[in-house]
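Just below is one structure, and these are the notes that go with it.
When a residue number appears, it is its place in the shown sequence, counting from 1. When reading the values below, keep in mind they use all heavy atoms of this one structure, side chains included, and skip hydrogens, waters and symmetry mates. One-based numbering, in listed order, for ligands and for the atoms of each.
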Amino acid sequence: MPGTPMSVVVLISGRGSNLQALIDAGAAREAPFAVRAVISNRPDAAGLERARRAGIPTEVVNHRTLRAPGAFDAALRAAIDRHDPGLVALAGFMRILGADFVSHYRGRILNIHPSLLPRFRGLDTHRRALQAGVSEHGASVHFVTAELDGGPVVIQARVPVLPGDDPDTLAARVLEQEHRIYPLAVAWFAAGRLRLGEDGVHLDGRVLTRPLSLRPDTRAPV
Ligand code: GAR
C-alpha cells in the first residue's frame, strides 16, 4: 500500500489484547495504518505497557480525577486531537462517551464489542449469551454512534457455543476472533475501502445490507 499510513489513536481501559492485535497489524510491511498513540482512562491498564514496549506514546486521561460534567470527554478529545488521527479505535475502552464527543468523531471512530450485535449490548456479554442458551456467539466491529453499542456494524465473527462452556472459555474463543476482525476493519478503513455514509456502512463503494461475517474456519469474509 503506497503512501503514508493512516494514524490511529487507540483508547483502552485494561488488558489491551485488541490493542496488541492492532499494533502488530499496523507494524506489518505496507500496512495502511499505524497506531500512533494509546490513551487509557485507567493509569493501571496493562495495555499501556504493550504500547510502551512498541515505542508508542501513551497518555492517561483519568476519569476519576475529571469528575465535572463534560470534563472527561473534553480532556479525552484534546488528548486525541493532539495526534490528529484519521481514526479512533476503541479497544476494550469501558467508558460511555457523550453525544457531542461521538458526533465530533462521527465516521472515524470504531469499536469492538464481544457479542453478535444487536444481541447483548453492554457488559457481561458471555455470561448473558450462555444464560440465553444461544448456540452461536461472537464479536462485532461497529462505527460508534451516540447509542451505546448501537452503531452500524461492519463485520462480525461467529463462534459456536460448546457444551460445558463457561463465560471464560467462551470469552477466549470470541477474543481470538476479535483479534482477526478488528485489524481487518481498521485496515479497510485506512485504505479508504470502508466508510460510514448517511445510508449506512459502505465497503468498496457498496452499502452493506447486513454486516460482513467471518467464520472461524475461513479466511475471507462473506
Ligand atoms: C474485549 O473482549 C472487547 O471486545 C471488550 O473488552 C475486552 C477487552 O479486551 N469490549 C467491551 O466490552 C466494550 N464494551 P482487551 O483489553 O484484551 O482488548
task = Assess whether side chain to side chain donor-acceptor pair (under 3.5 Å) is satisfied between Gln156 and Ser140, documenting all intermediate values.
result = CA-CA 4 Å; Gln156 299 182 314; Ser140 308; 3.0 Å; yes
key: Identified side chain to side chain contact (heavy atoms under 4.5 Å, CB included) partner of Asp149 from the options Asn111, Val144, Leu123   = Asn111
request  = Provide, to 0.1 Å, the distance between atom 14 (N) of ligand 1 and the closest protein heavy atom, together with that atom's residue and name.
outcome  = His113 ND1, 3.7 Å
key: Under 4.0 Å to a heavy atom of Gly92 - the qualifying atoms of ligand 1, by number   = 6 (O), 8 (C), 10 (N)
message = I need the nearest protein heavy-atom contact for atom 13 (C) of ligand 1: residue, atom name and distance, please.
response = Met94 SD, 3.8 Å
message = Val35 and side chain to side chain contact (heavy atoms under 4.5 Å, CB included): which single residue from Asp24, Val9, Leu22 fits?
response = Leu22
Whether over 12 other heavy atoms sit under 6.0 Å from Ile96 CD1 = no
request  = Number the atoms of ligand 1 from 1 as they appear, then name those within less than 4.0 Å of a heavy atom of Glu178, with their elements.
outcome  = 1 (C), 2 (O), 3 (C), 4 (O)
remark   = atom 15 (P) of ligand 1 has as its nearest protein heavy atom Ser17 N, 3.4 Å
request  = Would you check whether Ile12 reaches within less than 4.0 Å of ligand 1, judged by its heavy atoms?
outcome  = no
ask   = Within less than 4.0 angstrom of ligand 1, does Gln20 place any heavy atom?
value = no
Ion pair check, Asp44 and Arg42, cut-off under 4.0 Å = yes
ask   = Is it true that Gly47 lies under 4.0 Å from ligand 1, counting heavy atoms only?
value = no
ask   = What do you reckon, does Asn111 have a nitrogen or oxygen under 3.5 Å from a nitrogen or oxygen of ligand 1?
value = no
query = Around Glu59, counting heavy atoms of other residues, nucleotides and ligands shown, do more than 12 lie under 6.0 Å from its CD?
reply = yes
query = Should the ring pair Phe72 and Phe93 be called parallel, tilted or perpendicular, given that the plane angle runs from 0 to 90° and is split at 30 and 60?
reply = parallel
request  = Starting from atom 11 (C) of ligand 1, find the nearest protein heavy-atom neighbour and note its residue, name and distance.
outcome  = Pro114 CD, 3.6 Å
inquiry  = Tell me if a side-chain donor or acceptor on Asp73 pairs with a main-chain N or O of Gly98 at a distance below 3.5 Å.
reply    = yes
request  = Would you check the N or O atoms of Arg15, main chain and side chain alike, for any that come under 3.5 Å of an N or O of ligand 1?
outcome  = yes
request  = Give yes or no for whether the N/O distance cutoff of 3.5 Å, strictly under, is met between Gly16 and ligand 1.
outcome  = yes
